[in-house]
Number of protein chains: 2
Amino acid sequence: MPQASTASRKVRAAQTRAALLDAARRLFSDRGYLNTKITDITAAAGRSTGSFYEHFAGKDELLQALLAEMEDAIDERMVGLEHPRDHDLTDRDQLRDHLGVAWTVMRQNRPVTLALFQAMVADDPGTGRAWRDLREQTETIREHLEYLVERGHQLPGDPEFIAVAMGAMLVTLNYAVLTPPGGEDDRRVIDTLTDLLLHGLAGPASHPADEA
Amino acid sequence: MPQASTASRKVRAAQTRAALLDAARRLFSDRGYLNTKITDITAAAGRSTGSFYEHFAGKDELLQALLAEMEDAIDERMVGLEHPRDHDLTDRDQLRDHLGVAWTVMRQNRPVTLALFQAMVADDPGTGRAWRDLREQTETIREHLEYLVERGHQLPGDPEFIAVAMGAMLVTLNYAVLTPPGGEDDRRVIDTLTDLLLHGLAGPASHPADEA
DNA sequence: GTCTATATTGGGATAGAC
DNA sequence: GTCTATCCCAATATAGAC
């Protein structure tokens, strides 16, 4: 049975770990993952370098921990929500819903999504990691698109490619757009992307009847 | 007036410079810009480190030189080609033409475009460089979109944002797609992107009359 | 201009006291 | 577990002979 001192030791360890993760998040969203040094994190967290390695083997492992935390948070919010394969992405509301969730999650976890993006791009291009990562991240979208194809809908091309292309646009915009999350800007982004991806630059075709 | 030995000296210097640029191009497309060390370049070029600094102040300056070479090559091929603002990107042929040129140029200069992409993403996110770069690279598209708006066409959102979103998709796909340039794959990519951006996932609207 | 050899530095990682 | 102090190396950059 743990003594009081042992327990308190554990608590402090957890505090340190949390402080490191928190400092990392703050730094990542500002200077980015690549330019943030381990010493920057420890300094911002008010801990020592030695202490860092007691908790993480390196910066990449810390990023994995942040990712795990993010996924836990998402799972918690999504608990019990069914997500059947047969969503119709050519339905505006359903498409908007998907893009909205994706965008919101990315924005709310910007330090992490941004770090993952940098890590992906910093890797050697020849490894094909970028395609693999994008493919994984857009798995759900791909399934929905494949479902559409099965039902006889004519997509502009290969579902896998289209899904990756959509993902590429989203993650890069998430990186490039600086406006703070949760505001009016997010709504506008989601609306624009929805309409762009639904009907393209040409817009919803105005039926001859409408013009009369 | 330069002597024979002086001229030959200049020639050898130019050769070295060219060898360094060439080696860099080869390495960039494989391991990427960020992971390529200056010593890698000099080794691949069969020159010494000291010699490198005689030609470039650093890796970033070498990249600028590569960029300049690329722009020269483009200018040369585009010489005399008018590019009026009043292109209609809701016309399939014109849209496809723009996307095709953009994609082909990126692919043919993949070492450079890839390096520029990595450099853009590696920068601190807070500086807004990503948005600025994407905005610049899509200037032509933006102008065409603004022209459409002026003519009363309803775009899915702000022209600047749409142009950047299109650029984000293109440059990230250029990074992620590994297939060699110039092949059948390029044609398919261009076709898919054209149709996706023209009419979206829903596809060209089938008029009620067509279904009868 | 190009080379070899060396200086320099930033930052990741560990040793050992507490 | 946390700290301070130190080691270590990779990679940049320079010095100086040729």
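Here the structure is a predicted model, which means the values were calculated and not measured.
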Discussion item. What is the distance, to the nearest angstrom, from the CG atom on L62(A) to the P atom on dA13(C)?
Written reply: 12 Å
Item to complete: Provide, to the nearest angstrom, the distance between the NE2 atom belonging to H55(B) and the P atom belonging to dT2(C).
Response: 4 Å
Worksheet entry | Interatomic distance, F52(B) CZ vs dT4(C) C1' [rounded to whole Å] | 18 Å
Practice prompt. Select one nucleotide: of dT2(D), dG1(C), dG12(C), the one nearest the side-chain heavy atoms of E54(B).
Written response: dG1(C)
Fill in: Salt-bridge present (R96(B), D195(B); N to O < 4.0 Å)
no
Discussion item. Using whole Å, what does the distance between atom P of nucleotide dT2(D) and atom CG of L20(A) come to?
Written reply: 8 Å
Practice prompt. Output yes when at least one side-chain N/O atom of S51(A) is less than 4.0 Å from OP1 or OP2 of dC3(D), else no.
Written response: yes
Discussion item. Can you measure E61(B) atom CD to dT12(D) atom C1' for me and round it to whole angstrom units?
Written reply: 15 Å
Discussion item. If you only use heavy atoms from C-beta on, which nucleotide in dT2(D), dG1(C), dA13(D) is closest to the side chain of R9(B)?
Written reply: dG1(C)
Discussion item. Can a donor-acceptor pair be found, under 3.5 Å and without considering hydrogens, that links the side chain of Y175(B) to the backbone of V121(A)?
Written reply: yes
Fill in: Heavy-atom side-chain contact between H144(B) and H98(B) under 4.5 Å
yes
Fill in: Shortest side-chain distance from A13(A), nucleotide among dT2(D), dA13(C), dT2(C)
dT2(D)
Item to complete: Please determine if R188(B) and D158(A) form a salt bridge, counting it only when a charged side-chain N lies under 4.0 Å from a carboxylate O.
Response: no
Discussion item. Is it true that T172(B) and T172(A) share a donor-acceptor pair across their side chains at a distance under 3.5 Å?
Written reply: yes
Response to the item:
Of the candidates dT2(C), dT4(D), dA13(C), the side chain of S48(A) sits closest to dT4(D)
Worksheet entry | Euclidean distance, atom CZ of residue R17(A) to atom P of dG1(D) [Å, nearest integer] | 12 Å
Discussion item. Using the side-chain heavy atoms of K37(B), tell me which of these nucleotides is nearest: dT12(D), dG1(C), dT2(D).
Written reply: dT12(D)
Fill in: Proximity to the side chain of Y53(A) - top-ranked nucleotide from dT2(C), dA13(C), dT14(D)
dA13(C)
Worksheet entry | Distance in angstrom units between Q15(A) CD and dG1(D) P, rounded | 13 Å
Discussion item. Please report the distance, rounded to the nearest Å, between NZ in K59(A) and P in dG12(C).
Written reply: 7 Å
Worksheet item: Out of dA13(D), dC3(D), dA13(C), which has the shortest distance to the side chain of R47(A)?
Response: dC3(D)
Practice prompt. Using a cut-off of strictly less than 4.0 Å, decide whether T49(B) has a side-chain nitrogen or oxygen near OP1 or OP2 of dA13(D).
Written response: no
